[in-house]
Structures are given as C-alpha cells and as structure tokens.
Number of protein chains: 2
Amino acid sequence: MGIREVARRAGVSVATVSRTVNGVRSVSPAIAAKVWSAVHAVGYVPNTQARALVSGRSRILGLIVSDITNPFYPELIQGFEQFAVQAGYDVLLGATNYDPAIMATTVRRMIERKVEGVAVMTSEIEPSLMEQLTGRRIPLVFVDIGPPGLRIGNIQVNYEAGVRQAVQHLYRLGHRRLAFIGGPSDLKSAQLRRDAFVRCTSAPEWMAARPLLLAGDHKLEGGFEAVQRLLSAPVRPTAVFCSNDLTAMGVLRGLDVEGLRAPRDLSVVGFDDIHMAEYTIPPLTTVRLPRLDLARQAFQSLMAGLEETSAPGSGLTPIETSLIVRGSTARVEPAAS
Amino acid sequence: MGIREVARRAGVSVATVSRTVNGVRSVSPAIAAKVWSAVHAVGYVPNTQARALVSGRSRILGLIVSDITNPFYPELIQGFEQFAVQAGYDVLLGATNYDPAIMATTVRRMIERKVEGVAVMTSEIEPSLMEQLTGRRIPLVFVDIGPPGLRIGNIQVNYEAGVRQAVQHLYRLGHRRLAFIGGPSDLKSAQLRRDAFVRCTSAPEWMAARPLLLAGDHKLEGGFEAVQRLLSAPVRPTAVFCSNDLTAMGVLRGLDVEGLRAPRDLSVVGFDDIHMAEYTIPPLTTVRLPRLDLARQAFQSLMAGLEETSAPGSGLTPIETSLIVRGSTARVEPAAS
DNA sequence: GTGAAAGCGCTAACAG
DNA sequence: CTGTTAGCGCTTTCAC
C-alpha cells in the first residue's frame with residue numbers, strides 16, 4: 001500500500017514514484033503513465049505524516065475562534081477553509097469558548113501538529129502563548145489585536161464607517177436618545193465597536209442626551225437581558241445599537257416578551273450581518289462586516305508570512321463596514337420621544 | 001528543540017526521554033525529574049508527525065457535516081471536538097455543503113491525513129467512497145444511514161417519538177389540516193423525518209384531511225419560500241411541521257412578510273431545538289434532538305471501532321427525541337378552521 | 001531501569 | 001531522465 005509497493009508494480013524506483021506523484025517535470029511520459037496506473041491499481045494515497053516529517057511542512061493551518069456557536073464564525077470558517085483547501089492545506093480548528101485555559105491547550109495542540117500558520121479570530125491572546133508561536137517562526141494573523149511584527153499580520157477593520165452610517169441613519173429617523181449594548185469587555189473587537197460608537201455620538205447634535213452604554217456578551221442571552229435595563233432607564237432610549245447581531249436578536253426577543261416590538265417601540269441595529277439577519281422579525285438593520293474578505297485576508301496574510309520575502313502586515317487594506325438597512329429601524333414615533 | 005536536545009541536556013538517551021514524556025512507568029523518579037526539567041528548559045513539544053509515522057496512529061478523527069452554517073452543526077461539532085480533545089485526538093472537519101464532489105475530496109483529505117475514524121453526519125455517502133475508508137480498516141459512524149458492519153457504527157434516532165408527540169399536541173389544539181416542509185430529498189435523515197410524520201398522521205383521526213407535503217432544503221430560504229405554496233393551497237393548513245428549525249425560522253419570516261404571524265394564523269413546529277429556537281419570535285415549539293448525545297455516541301462508536309474487540313454497532317441505544325412546547329403553536333381559531 | 005539501534009513512509013540530494 | 005541513499009523525529013524491540 002505504500003510507495004514501495006507502487007514502485008515494485010511499476011518496475012521503477014520509489015524516487016520516480018515520488019516525482020511522478022508530486023508532478024516533477026523530469027519524468028518521461030511513458031514511465032509516468034506506468035506509475036499512475038500502478039498508483040490507481042493499488043489505490044495509493046501518499047502518507048501526509050511521512051511527507052510532513054521529511055519536508056518539514058505540515059500543510060496545516062490553525063484557525064482559532066472564540067465561539068463556534070455564533071453564526072458569524074461558521075460563515076468565516078467556511079471561507080477560510082475553502083481558501084486553505086484550494087491551496088492544499090487542511091485546517092485545524094480551535095474553539096476557545098472565551099476561555100483562556102482552552103486557548104492555552106489549543107495553542108499547544110497547534111504547535112504539536114506543527115501548523116504552518118495560525119489565524120486568531122478571537123479575544124486577546126496571552127503574550128506568553130504568542131511567543132510560543134512566534135518563537136517557532138510560525139506566521140500569525142490577528143483581527144483588531146496583536147502587535148505588528150515580522151510574520152505577524154494585523155487585519156484592520158474600519159468599524160467607524162459603518163457605525164457612522166448607522167448613527168446618522170438613526171439621527172435622520174429622528175432618534176435623539178440612543179443605547180449601546182456591548183460585547184465581552186476583554187474582547188478587543190468589542191471595545192473597538194463601542195469606541196467607534198462613542199466617537200460617532202460625540203458630535204454636537206448628540207450632546208443633548210448622552211447615549212446609554214449597557215453591557216452584553218455577544219450572545220442571545222446578553223441582548224435579551226439588556227432589554228430590562230434599557231427599559232428601566234430614566235429616559236428611555238428610542239433606538240439601540242448592538243455590538244453584534246446575536247445581541248440584537250436577543251433584544252428583539254426581549255422586547256417581544258415585554259409586549260413591545262421593533263421598530264415601533266424601539267429601533268434596533270445589529271452588527272456583522274450574519275445570514276440570519278435577513279430572516280429575523282423584523283429583518284435586522286445592521287452593519288455588515290464582510291466575512292469572506294476577512295477570511296481571505298487572514299489566509300493571504302498567513303501565506304505571505306510563509307514566503308518570508310514580504311512583510312505579511314503589508315498590503316492589507318482595512319476591511320470596510322457598511323450599513324444595511326432593513327426593517328428593525330424606523331422613524332421615531334412622536335408619542336414615544 | 002527535538003528529543004535529542006532534551007536527551008543531551010538531561011544526560012540520558014532519547015529512549016528515556018520518550019518513555020518519560022509518554023508516562024511509561026519504568027523510569028526512575030530521579031531521572032524523570034531531570035528529563036522534565038530539560039523538557040521545560042528547551043520548551044520541548046513532541047512532533048506529532050514523527051510520532052504518528054512511527055506509531056501508525058495519527059490521533060486525528062474526521063468529522064464530516066453537510067452544512068456548517070446550520071446552527072445545529074456547530075453545536076454538534078463543539079461537543080464532538082470536546083470529547084475528542086479529552087481523549088487526545090484532534091478533529092479534521094469537512095463541510096460538504098451538500099456537494100458530492102466536495103464529499104469526495106473531503107474523504108481523500110481524511111485518508112491522506114490517516115484519520116483513525118470518521119463520523120459522517122450528512123447525506124448519503126457514495127459506496128465507492130465508503131469502501132476507500134472501510135478498505136483501510138478505518139472505523140466509521142453514521143447517523144440514520146449506512147450499512148451496518150464490522151467497524152461501522154450506526155446511530156439510530158427515534159424520530160417517531162418526538163414527531164408523534166408533536167402531532168398529538170397539534171391535534172389537541174384543534175388542528176386538523178397539517179402541512180409538512182421537508183428537507184433535501186437525498187438526505188436520509190430528512191426522509192426519515194418525513195416518513196415519521198406521514199406515519200403519525202396516518203391514524204384514523206387524520207383521515208379526513210391528508211397533510212400537505214411541501215419541499216424544502218433545511219435552510220431559511222426553503223422555509224420562507226414554502227410559505228407561498230402553503231398559503232395558496234386549496235384548503236389552507238392551520239399548522240405546519242418543519243423538517244428542521246432553520247426551515248421553521250424561514251416560515252416565521254415568510255408569514256411576517258404576508259402580514260401573518262404564528263401562532264395566530266398558523267402554528268409552526270420545528271425540529272432539532274437549536275439554541276436559537278428559544279429566541280425566535282415567537283419562540284419555537286420544536287422537537288428536540290439531543291446534540292450532545294449524538295456527539296457522544298459518534299465519538300464512542302469510533303473509539304469502540306478502534307478497540308477491534310467489540311462490534312462498534314452494539315451498545316448504541318437509539319437517541320430519543322421529544323417535544324419542547326414554546327410559543328409558536330396555539331389552539332386553532334374557530335374562524336380560521 | 002536504561003541505552004543502542006532499527007525503522008515508520010516519504011523526499012531530496014547526489015550519482016549515474 | 002532515473003536510481004541509490006541518507007535521513008526527517010520519534011517509538012520500540014532487544015540487549016545490558
């Protein structure tokens with residue numbers, strides 16, 4: 001079943017089989033044909049382990065996400081895996097579930113498997129863990145976080161563009177009192193989203209009523225529970241901006257429980273534009289973060305890091321966000337303001 | 001950085017390092033201590049490739065799913081991965097996206113990586129592909145499908161229990177005219193769900209009005225589009241049973257577009273009980289399929305297949321489904337019947 | 001209890 | 001263009 005068996009059947013050396021299978025040009029067509037037929041006869045499949053051992057290349061890429069249960073990630077994973085497989089790589093997935101301990105074992109697993117690069121699409125990674133990777137000259141790529149450096153890619157997301165559009169959209173609809181439901185406090189991406197929101201609502205026209213900032217967790221639960229706090233505010237906001245779509249969906253549900261509904265009683269804006277955002281009731285107005293671009297940049301940055309020739313951070317243009325208007329936002333009712 | 005370096009530093013042979021790291025008893029505590037300190041000093045991490053090559057064990061399990069975008073699967077993947085990692089395995093994920101061609105390349109990738117077992121949580125697998133796996137004595141486990149055999153596990157799901165409860169639930173609420181929205185026609189699990197539904201609605205009390213069977217795709221889109229066909233039926237059903245929760249969510253949205261809503265205008269029942277089912281508007285009455293049980297059985301079956309001693313099919317008790325009543329079903333309005 | 005040595009299956013010089 | 005050979009890093013007999 002191994003390469004020797006194929007060589008024996010084809011009446012050639014193992015080197016020739018290896019060359020044929022790997023598409024090295026210098027094999028005569030006649031011999032190549034014999035080798036291929038032997039390959040098919042035996043059902044030969046090269047042993048990746050052996051290959052990796054001798055070549056020093058595992059052809060595995062690590063992908064670390066925080067919450068595989070958040071629909072944003074599967075959509076991202078799918079894209080990343082697609083690029084990877086196209087280039088002959090397999091993906092080793094790690095879901096940390098926001099837990100630093102799991103993050104540590106995940107990094108360990110990746111090192112053991114000799115991954116050739118790691119895309120970290122999650123919360124802050126401990127410096128010591130990062131050094132384990134960089135110390136082994138493994139290219140890394142982060143979103144929003146991480147120090148730049150050789151073999152370290154940093155994907156920038158222009159949150160502000162989308163957030164500004166959303167805030168203006170709400171302003172034009174007559175909203176003057178906003179709320180914001182954030183994500184996990186230690187998640188840099190969540191901080192940046194909130195910061196962008198705070199900045200966009202620092203313009204003079206918003207000075208009359210400062211926005212209400214509420215805590216969330218980027219899960220359905222967090223949005224659901226935030227509704228209580230939102231409704232009991234001294235001055236009830238007329239619109240809420242959520243740090244991700246899952247949170248917004250939780251809000252929608254929370255409103256329903258109170259006998260309220262968007263956008264009549266409260267305008268709701270999400271963030272991410274997961275596929276499902278089009279199917280909520282009402283469909284969600286949200287800021288789109290293009291997942292496929294994210295996946296592509298992460299993959300390309302890793303590949304660049306492997307080349308060694310170019311700095312992987314370079315050539316990365318920030319990912320642009322943009323507002324998608326659907327049905328969860330509306331002109332504020334005079335009665336409600 | 002390799003085992004030799006550790007051996008040199010600890011002043012022992014590589015064999016002793018290997019034994020220490022692998023916890024073989026026959027290493028004296030004194031020597032073991034020296035080895036471990038050398039291991040930490042160097043930051044030694046065993047090379048899985050080399051290990052796999054010599055031991056013939058890759059410690060990788062394959063997991064094939066059809067649609068990673070369907071929230072049911074991430075929840076399943078998470079469970080499966082957890083069991084695997086606990087036992088020292090990594091998971092190679094394959095998402096076929098319902099495409100037989102992708103399935104073929106996925107199986108190939110798994111063979112190349114020398115996976116020790118494959119869990120197939122998706123549509124029918126071509127016999128030739130399956131033989132590639134079984135011919136290499138790789139344990140397999142299927143849900144709903146696949147011929148039983150040595151090293152082949154078959155997880156059975158008792159769909160009928162949950163479906164019967166759901167149908168009875170609807171009957172008691174006064175519904176007499178039902179509809180069913182199915183899944184992909186070539187997906188065995190979808191067929192079984194539909195069959196269970198048909199069987200449960202073959203009792204005498206349902207003879208007056210045969211259910212309306214509609215096609216779907218287990219996606220939001222399918223449910224959404226089915227609403228049109230459902231509403232234009234000569235006799236409009238008062239309740240619809242969906243082959244999965246995503247379909248049901250699509251229906252909810254489809255109704256909303258028509259200015260209708262569940263359960264007032266149509267009772268809706270889903271299938272799977274994904275986490276999100278609790279957060280739809282209204283929350284979804286659905287048949288729960290315990291994901292963690294599924295993940296556990298899949299994993300255990302694979303482990304049993306590796307033992308060789310026991311037939312992996314044995315010891316598997318069918319997975320039970322049960323009705324979870326939430327807000328998307330209600331007593332049929334006299335006016336609507 | 002510990003070490004020496006033989007490979008696991010493959011690729012990549014280096015000869016021919 | 002093809003064959004011979006030396007390892008990749010590790011585990012595992014087999015001696016000691």
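The sequence lines fix the lettering, A, B, ..., with proteins before strands; numbering per chain opens at 1. Every heavy atom of this structure was used, including side-chain atoms; hydrogens, water molecules and symmetry mates were not.
- Listed nucleotides C:dC10, D:dG9, C:dT2 differ in distance to B:A50; the shortest reach to its side chain belongs to D:dG9.
- Comparing C:dT11, D:dT11, D:dG3 by their closest approach to the side chain of A:N22 singles out C:dT11.
- Under the 4.5 Å side-chain criterion, counting only non-hydrogen atoms from C-beta, B:R8 is not in contact with B:R4.
- Comparing atom distances between the B:V14 side chain and each of D:dT2, C:dA5, C:dC10 picks out C:dA5 as nearest.
- The phosphate of D:dC1 has neither OP1 nor OP2 within less than 4.0 Å of any side-chain N or O from A:S28.
- Note on B:V27: only backbone sugar-phosphate atoms sit closer than 4.0 angstrom, heavy atoms only; bases stay farther off.
- Nearest heavy atom pair, residue A:V118 against residue A:L302, reads O-CD1, 3.7 Å.
- Note: CZ (B:R136) to C1' (C:dG9) measures 14 Å, nearest angstrom.
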Step by step, work out the side chain to side chain donor-acceptor pair (under 3.5 Å) result for A:R9 and A:Y44. CA-CA 12 Å; A:R9 291 227 196 187; A:Y44 170 69; over 6 Å; no

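- In this structure, the CZ atom of A:R19 is 14 Å from the P atom of C:dC14, given to the nearest Å.
- The side chain of B:S55 places no N or O atom within less than 4.0 Å of a non-bridging phosphate oxygen (OP1 or OP2) of D:dT11.
- In this structure, of D:dT2, D:dT11, C:dC10, it is D:dT11 that holds the atom nearest to the side chain of B:I3.
- Straight-line distance from the CD atom of A:E112 to the P atom of D:dC10: 11 Å, rounded to whole Å.
- Atom CG in A:N47 sits about 13 Å away from atom C1' in D:dC8, given to the nearest Å.
- Using a 4.5 Å cut-off on side-chain heavy atoms (C-beta onward), A:L53 and B:N47 make contact.
- One axis for each end of the helix from C:dG1-D:dC16 to C:dG16-D:dC1, each built from five base pairs, and the angle between them comes to 40° at 10° resolution.
- One interatomic measurement links the two molecules: CZ of A:R4 to P of D:dG3, which rounds to 14 Å at whole-angstrom precision.
- Taking only side-chain nitrogens and oxygens, A:S13 never comes nearer than 4.0 Å to OP1 or OP2 of D:dT4.
- Projected onto DNA chain C by closest heavy-atom contact, B:G11 and B:L53 fall at different nucleotides, the more 5' of which corresponds to B:G11.
- With contacts defined as side-chain heavy-atom distances shorter than 4.5 Å, the pair B:Q156/B:D144 does not qualify.
- Counting heavy atoms from C-beta on, the side chains of A:I64 and A:M110 come closer than 4.5 Å.
- Summarising the geometry, the separation between CZ on B:R113 and C1' on C:dC10 is reported as 14 Å, rounded to the nearest angstrom.
- Taking atom CZ of residue B:R57 and atom P of nucleotide D:dG9, one finds them 23 Å apart after rounding to whole Å.
- In this structure, A:S18 contributes its side chain and A:V14 its backbone to no donor-acceptor pair below 3.5 Å.
- In the interface, the side chain of B:R25 is not paired with the base of C:dG1 through any donor and acceptor atom under 3.5 Å apart.
- Counting only heavy atoms from C-beta outward, the side chains of B:R19 and B:V35 never approach each other to under 4.5 Å.
- Side-chain proximity of A:R51 to C:dA4, C:dT11, D:dT2: nearest is C:dT11.
- Nearest-nucleotide positions on DNA chain C for B:V54 and B:S26 put B:S26 closer to the 5' end.
- If you measure from atom NZ of B:K34 to atom P of C:dT2, you get 9 Å, rounded to the nearest angstrom.
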